[in-house]
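The residues of the chain are indexed from 1 along the displayed sequence. No experiment lies behind these values; they were computed from the predicted model shown. In each ligand, atom 1 is the first atom listed, and ligand 1 is the first ligand listed.
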Amino acid sequence: QRIYLEGLWGRKPPVPVHPEGLEEAARRRMSPEAWAYVAGGAGLERTMAANRVAFDRHRLLPRMLRGAKPPALEVALWGRTWAAPLFLAPIGVLELAHPRAELAAARAAAQRGLPFMVSNQSSYPLERVVEAARSVNPEAVVFFQLYHSSDPRVVGSFLRRAEAAGCAGVVLTVDTVQLGWRPRDLDLGHLPFLKGQGLAQYLSDPAFLASLEEPVEGPSLQPRLSLALLRALLALRRAGKRVGVEGLSRLLKGVRRFVATYSFPELSWEEVRQVREATALPLILKGILHPEDAAMAVALGVDGVYVSNHGGRQVDGGVAALEALPGVAEAVGGRVPVLMDSGVRTGTDAVKALALGAKAVGLGRPYVYGLALRGEEGVGAVLDHFLAELELTLALLGVKSLEEVGPHLLAS
Ligand code: FNR
């Protein structure tokens, strides 16, 4: 109501309310390289488009005159309370959008009681992100998202750090054993990691740093890397940060080793089993689309299944995440919570995903756009707009509580 009334008094919201306006404003603000990386998808971006079409295809069927007050939005998942069935999906290299990156986004989420998932490829170490979130809300819920490195020592070290920092769980992303084919980045010849961006988790990790002296397999990237890093170094200096020769050499070695080890193309259920055994934290598998994979995950003892196609950034022509959701939810059969993301843009999208079996939805690109436009305040505004529409839509549908949300709310 506050948001609505402020709007009607002619006060402009901090960032555009309409998702397309938000996107367009961010596009104008961001560099072409940052925009390509964040907004782009795999191949012809057919899966990215399909994610939206799937939401558009489902229609809600409101009930009237049910005497329904706006329902409470809180949900309890993995022993923590979330203010709403909404979380910030893990997104790497947020420094592309704003220098305060994860620190700003995690604070905006924590202030609203929403979980933040810090990416394996983040711009600040996870400890700093947890600290930033806790500084505004001691109960802040932060998950750590893990990519399984080909170096098991780094995997173990990341898990220990997530435990020590008090993360609420580990989200193991399994759809990115290799980076998808992304024409927008390729055409600009740009990948942030090669400039040393998004490596904070690694460059702050004792196991990773200890491995820097070991030989690295694969093509030598040295001459090209040096050039990219020199540019990065100059940018850092312009921003007032001094990085010496030693720092540069460590960065150079770090980038090379990162490229060689950040993923494990042969990843299999065996590693899932190992990660399951290696930590007592709740373990959620992200990137599941096939019902049989979902059933296997539950059989292996994971605590959550996260339906996602990585926002259409991996397999072009792959199924929309929302289309895959009912099959996964059925295979899981309520044994563990199901999360979903990919294409979620509005509060009504969230209702549709909840109706099809998700316990909560992840917001991805839109919060990055808010971050690019206005930092922490921008992320906060995107979240406020989303939550307001979610609450309003449930009330207008005649829903009295989240437990009532189910497929009967959908006309098709
Ligand atoms: C991502 N995503 C992602 N996922 C993950 O597990 N680890 C990561 O580091 C990243 N990094 C990342 C960077 C960028 C720029 C984007 C857009 C996405 C995927 C993310 O968690 C989520 O699945 C998608 O963003 C959902 O799609 P939409 O809703 O953003 O279109």
Handout entry: Heavy-atom proximity to atom 17 (C) of ligand 1, best of Arg313, Lys286, Gln121, Met340
Key = Arg313
Exercise for the section: Test the Arg313-Tyr37 pair against the cation-pi criterion, namely NZ or CZ under 6.0 angstrom from the six-membered ring centroid and within 45° of the ring axis. Expected result: yes
Handout entry: Pair Tyr147 and Phe158, ring centroids less than 6.0 Å apart
Key = no
Practice task
Would you check if the side chain of Glu102 reaches a backbone N or O of Tyr124 as a donor-acceptor pair within less than 3.5 Å?
Solution key: yes
Handout entry: Option with minimal heavy-atom separation from atom 19 (C) of ligand 1, where the choices are His310, Arg365, Arg345, Arg52
Key = His310
Problem - Heteroatom proximity flag, Val38 to ligand 1, N/O under 3.5 Å - result: no
Handout entry: Residues Gln197 and Ser123: side-chain donor-acceptor under 3.5 angstrom
Key = no
Problem - The one among Gly312, Gly311, Ala39, Pro366 that brings a heavy atom closest to atom 27 (O) of ligand 1 - result: Gly311
Problem - Under 3.5 Å side-chain donor-acceptor pair for Asn51 and Asn309 - result: yes
Problem - Whether Met117 lies under 4.0 Å from ligand 1, heavy atom - result: no
Completion exercise
Honestly, for Ile91 the part within reach of ligand 1 (heavy atoms, under 4.0 Å) is both
Practice task
Just let me know how Gln145 lines up against ligand 1, side chain, backbone, both or neither, with a heavy-atom cut-off below 4.0 Å.
Solution key: side chain
Exercise for the section: Ignoring hydrogens and angles, state whether a donor on the side chain of Asp175 or His310 is under 3.5 Å from an acceptor on the partner side chain. Expected result: yes
Handout entry: Between Asp205 and Ser157, a side-chain donor and acceptor under 3.5 Å
Key = yes
Practice task
Check ligand 1 against Ala89 and write out every atom of the ligand that is under 4.0 Å from a heavy-atom position of the residue.
Solution key: 21 (O)
Handout entry: No-hydrogen, no-angle side-chain donor-acceptor test under 3.5 Å, Arg128 and Ser204
Key = no
Exercise for the section: Say whether Tyr306, considering both its backbone and side-chain N or O atoms, lies within less than 3.5 Å of an N or O atom on ligand 1. Expected result: no
Exercise for the section: Using a strict 4.0 Å cut-off to heavy atoms of Ser308, name the atoms of ligand 1 that fall inside it. Expected result: 23 (O)
Exercise for the section: Just jot down the ligand 1 atoms closer than 4.0 angstrom to any heavy atom of Ser119, in number order. Expected result: 8 (C), 9 (O)
Handout entry: Any Asn120 heavy atom less than 4.0 Å from ligand 1
Key = no
Problem - Output field: ring centroids Phe193/Phe258 closer than 6.0 Å - result: yes
Problem - Ligand-residue contact atoms, ligand 1 with Gly364, heavy atoms, under 4.0 Å - result: 25 (O), 30 (O)
Exercise for the section: Take the angle between the ring planes of Trp82 and Trp78 and call it parallel below 30°, perpendicular above 60°, tilted in between. Expected result: tilted
Fill in the blank from the handout: Atoms of ligand 1 under 4.0 Å from any heavy atom of Thr173, numbered from 1 in the order shown, are 5 (C), 6 (O)
Handout entry: Distance-only donor-acceptor check, side chains Gln201 and Ser122, under 3.5 Å
Key = yes
Exercise for the section: Can you pull out the closest protein heavy atom to atom 11 (N) of ligand 1? Residue, atom name and distance to 0.1 Å, please. Expected result: Gly92 N, 3.0 Å
Exercise for the section: Between Ala34, Ala321, Gly40, Pro90, flag the one that comes closest to atom 20 (C) of ligand 1 by a heavy atom. Expected result: Pro90
Exercise for the section: State the atoms of ligand 1, each with its element, that fall below the 4.0 Å cut-off from a heavy-atom position in Asp341. Expected result: 21 (O), 22 (C), 23 (O), 26 (C)
Handout entry: Nearest protein heavy atom with distance in Å, relative to atom 5 (C) of ligand 1
Key = Tyr147 OH, 3.3 Å
